Visitor: 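Sending over a structure as structure tokens; questions will come in a sec.
Positions are given from 1 along the sequence. Since the structure is predicted, the reported quantities are computational estimates derived from the model, not experimental observations.
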Amino acid sequence: INHISNNKYKDMKRVLTVYWQYTKGIRTSAFLTILLFTAALLFREILRPYVLRDLVDGLTTHANDRDFIWHQVVLFAVMHIAAQICFRSGEFINSLFESNHMRNLRNLAFEHMTKHSLAFFANNHAGALVTRQKRFVNSAEVLFEELVGSTLSMTVQVIGVSIVMLFVSPPMVIGVLVWVGCYILNAIFMGRKRLALDYNEAEQESRVTGDFADVMGNISILKTFGTTKREKNFFSGTVNKHYSALQRALHFANTQNAMQGIFSSIIHIGGIIAAVSLWFNNQMSTGNVILITIYAGSLSSSLWDFGKTIRKFSRAIADAEEMVEIIDTPPSIVDAPGALERISLSPEQATIDFKNVSFAYNSSAQIFNNFNLSIPAGQKVAIIGSTGAGKTTLVSLLLRVIDVQKGSIHIGPYNIKTDVTQDGFKSCISSVSQNIDLYNRSIKDNIGYGNPNATLDEIRAAAKKAFID
């Protein structure tokens with residue numbers, strides 16, 4: 001697990017780097033959100049209990065000084081209102097930041113996925129890819145909310161409580177800081193152990209999603225061959241692997257919860273016992289006892305939430321890593337620098353030339369070796385051969401579904417690999433396969449997909465020629 005954790009720690013840094021890169025242009029709103037939430041926490045968790053302390057001491061020692069008491073009541077109300085204003089303002093700005101960040105990440109995922117070749121999509125289930133994209137975006141939201149939530153709350157409270165306690169009971173500050181340090185180190189240590197388990201669980205869950213999407217997307221095969229029982233057994237095996245991974249992660253989380261519960265109880269109960277002991281010895285006022293009780297309770301709750309944040313952080317990183325891996329994987333087919341985004345070919349120019357083309361799927365499957373073929377413009381050519389002869393490979397090379405390893409392919413005067421981009425080249429050709437691929441859009445949109453400027457009459461004419469009018 002230690003070896004896995006170290007590797008995944010590097011992956012975690014990469015995930016956070018990607019998220020940070022795509023906050024460009026909206027970082028001001030993120031920093032302003034943190035600033036407002038910090039102010040709100042100071043008002044609510046640090047200053048408001050401090051004012052309450054003075055109010056309690058005023059009621060017990062200055063009962064006749066009504067001006068002092070009402071002054072403390074007004075201060076308490078001001079702190080409460082100020083905290084509410086800062087929280088609500090922070091939430092408003094945070095919603096702007098998160099919505100913009102999520103938009104950027106969705107566009108990033110779409111851009112990088114669509115750059116990959118068809119071979120990539122043949123090896124990755126569409127359902128699993130959609131799930132990865134969704135987790136990637138949602139994880140960013142979880143991470144930032146935990147940052148401005150429990151992590152920020154814990155930081156503000158530890159610092160704020162320590163400063164206040166220096167004036168109330170300096171010896172208690174050392175105990176609080178030592179205890180908090182031990183708690184955080186334990187949470188981080190356990191979090192690193194949990195990270196490996198969460199990665200494994202997320203990977204197994206993706207496989208469940210992928211296998212389910214695979215069967216649903218090819219349900220006609222199951223119905224044709226009557227393999228319901230076989231596919232059920234296969235899917236159950238995948239689900240059981242995910243179940244085992246999930247159980248390991250949950251058992252570890254329960255152990256982690258138990259340890260953090262003990263730590264939280266120590267500071268909460270210990271703080272109250274220490275304060276009451278000092279009160280019995282006339283070394284602490286009633287107001288300070290209440291102050292320490294409030295601080296101990298809120299600090300205990302905050303650190304408990306931080307422990308949960310470590311677990312959420314671990315799972316969010318695990319969920320995002322699969323998409324970041326896709327982002328970091330270079331596409332197998334790329335456009336050449338300076339390639340034209342659009343070309344124009346007349347029917348008379350549309351010759352097809354394979355020049356000394358070589359291609360092999362592996363060292364033992366050489367399909368073409370210095371292959372040459374020239375098809376004049378306007379010709380109708382049938383490619384005939386036995387299974388495995390290379391018919392599909394020939395068309396795939398022509399359409400740049402795969403790239404030649406040696407030689408070149410030309411359409412008219414253009415080398416399809418170096419002279420024109422993939423989208424620019426494919427906008428000039430048409431291909432009709434045996435498979436039917438349709439977007440979940442209107443019939444009009446699907447028929448006119450190759451020509452976004454097609455008129456309704458042109459679309460109707462095309463439908464009539466295809467006998468689907």
Visitor: In sequence, state the C-alpha distance, the side-chain angles, and the governing distance for Leu41 and Ile46, and then conclude on side-chain contact (heavy atoms from CB on, under 4.5 Å).
Guide: CA-CA 7 Å; Leu41 289 165; Ile46 306 300; over 6 Å; no
Visitor: Side chain to side chain donor-acceptor pair (under 3.5 Å) for Thr60 and Thr286? Distances and angles first, verdict last.
Guide: CA-CA 8 Å; Thr60 56; Thr286 303; 5.0 Å; no
Visitor: Checking side-chain contact (heavy atoms from CB on, under 4.5 Å) for the pair Ile416/Leu399: CA distance, chi angles, key distance, verdict?
Guide: CA-CA 9 Å; Ile416 66 171; Leu399 297 177; over 6 Å; no
Visitor: Ignoring hydrogens and angles, tell me if any N or O in the side chain of Ser169 forms a donor-acceptor pair with the backbone of Met165 under 3.5 Å.
Guide: no
Visitor: Is it the case that the side chain of His112 and the backbone of Asp328 share a donor-acceptor pair, with hydrogens and angles ignored and the cut-off at 3.5 Å?
Guide: no
Visitor: Determine yes or no for a side-chain-to-main-chain donor-acceptor pair under 3.5 angstrom, with Thr293 supplying the side chain and Ile272 the backbone.
Guide: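 Between the backbone of Ile272 and the side chain of Thr293 there is no qualifying donor-acceptor contact (under 3.5 Å).
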Visitor: Keeping the roles fixed (side chain from Thr23, backbone from Trp20), state whether a donor-acceptor pair exists under 3.5 Å.
Guide: yes
Visitor: Side chain of Asp11, backbone of Glu321: donor and acceptor closer than 3.5 Å?
Guide: no
Visitor: Under a 3.5 Å cutoff, is there a donor and acceptor pairing between the side chains of Asn100 and Arg103?
Guide: yes
Visitor: Mind running salt bridge (charged side-chain N to carboxylate O under 4.0 Å, His left out) on Glu201 and Arg315 for me, showing each step along the way?
Guide: CA-CA 9 Å; Glu201 192 271 324; Arg315 179 53 196 258; 2.2 Å; yes
Visitor: Give me each pair satisfying ring-ring contact (aromatic ring centres under 6.0 Å, His included) with a member in residues 149-171, each pair once, sequence neighbours excluded.
Guide: none
Visitor: Is there a donor-acceptor contact under 3.5 Å from the side chain of Asn94 to the main chain of Gly90?
Guide: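 Not a single qualifying donor-acceptor pair exists.
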Visitor: Quick one: does Asp319's side chain get under 4.5 Å of Val142's, heavy atoms only?
Guide: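 No, side chains not in contact.
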Visitor: With distance as the sole test, does Gln422 use its side chain to make a donor-acceptor pair with the main-chain N or O of Ile333 at under 3.5 Å?
Guide: yes
Visitor: With respect to Val56, which candidate in Ile290, Leu291, Val51, Asn288 satisfies the side chain to side chain contact (heavy atoms under 4.5 Å, CB included) definition?
Guide: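 That would be Ile290; it is the only one of Ile290, Leu291, Val51, Asn288 passing the side chain to side chain contact (heavy atoms under 4.5 Å, CB included) with Val56.
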Visitor: Examine distances only and state if a side-chain atom of Ser89 and a backbone atom of Cys86 form a donor-acceptor pair shorter than 3.5 Å.
Guide: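 No; judged by distance alone, with no hydrogens or angles, the pair does not exist.
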Visitor: Does Asp214 reach the main-chain N or O of Gly210 with its side chain, forming a donor-acceptor pair under 3.5 Å?
Guide: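 No.
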Visitor: Atom CG of Asp54 and atom CG of Leu75: how far apart are they, to the nearest 0.5 Å?
Guide: 8.5 Å
Visitor: Could you walk me through whether Lys426 and Asp423 pass the salt bridge (charged side-chain N to carboxylate O under 4.0 Å, His left out) check?
Guide: CA-CA 5 Å; Lys426 290 172 183 176; Asp423 286 349; over 6 Å; no
Visitor: Evaluate the side-chain proximity of Met323 to Ser139: yes if any heavy-atom separation is below 4.5 Å, no if none is.
Guide: no
Visitor: Do the side chain of Thr17 and the main chain of Lys13 share a donor and acceptor less than 3.5 angstrom apart?
Guide: yes
Visitor: Report the relative orientation of the aromatic rings in Phe120 and His116; use parallel for angles under 30°, tilted for 30 to 60°, perpendicular for over 60°.
Guide: parallel
Visitor: Using the side-chain contact (heavy atoms from CB on, under 4.5 Å) rule, take Arg207 and Lys241 through it: C-alpha gap first, then chi angles, then the decisive distance, then the call.
Guide: CA-CA 9 Å; Arg207 290 180 179 175; Lys241 289 179 181 178; 5.6 Å; no
Visitor: Kindly assign one of parallel, tilted or perpendicular to the pair Tyr19 and His101, based on the angle between their ring planes and the thresholds 30° and 60°.
Guide: perpendicular
Visitor: Between Tyr50 and Phe43, is the ring centre distance below 6.0 Å?
Guide: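 No, the ring centres sit 6.0 Å or more apart.
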Visitor: Evaluate the side-chain proximity of Ile402 to Phe359: yes if any heavy-atom separation is below 4.5 Å, no if none is.
Guide: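 Yes, side chains in contact.
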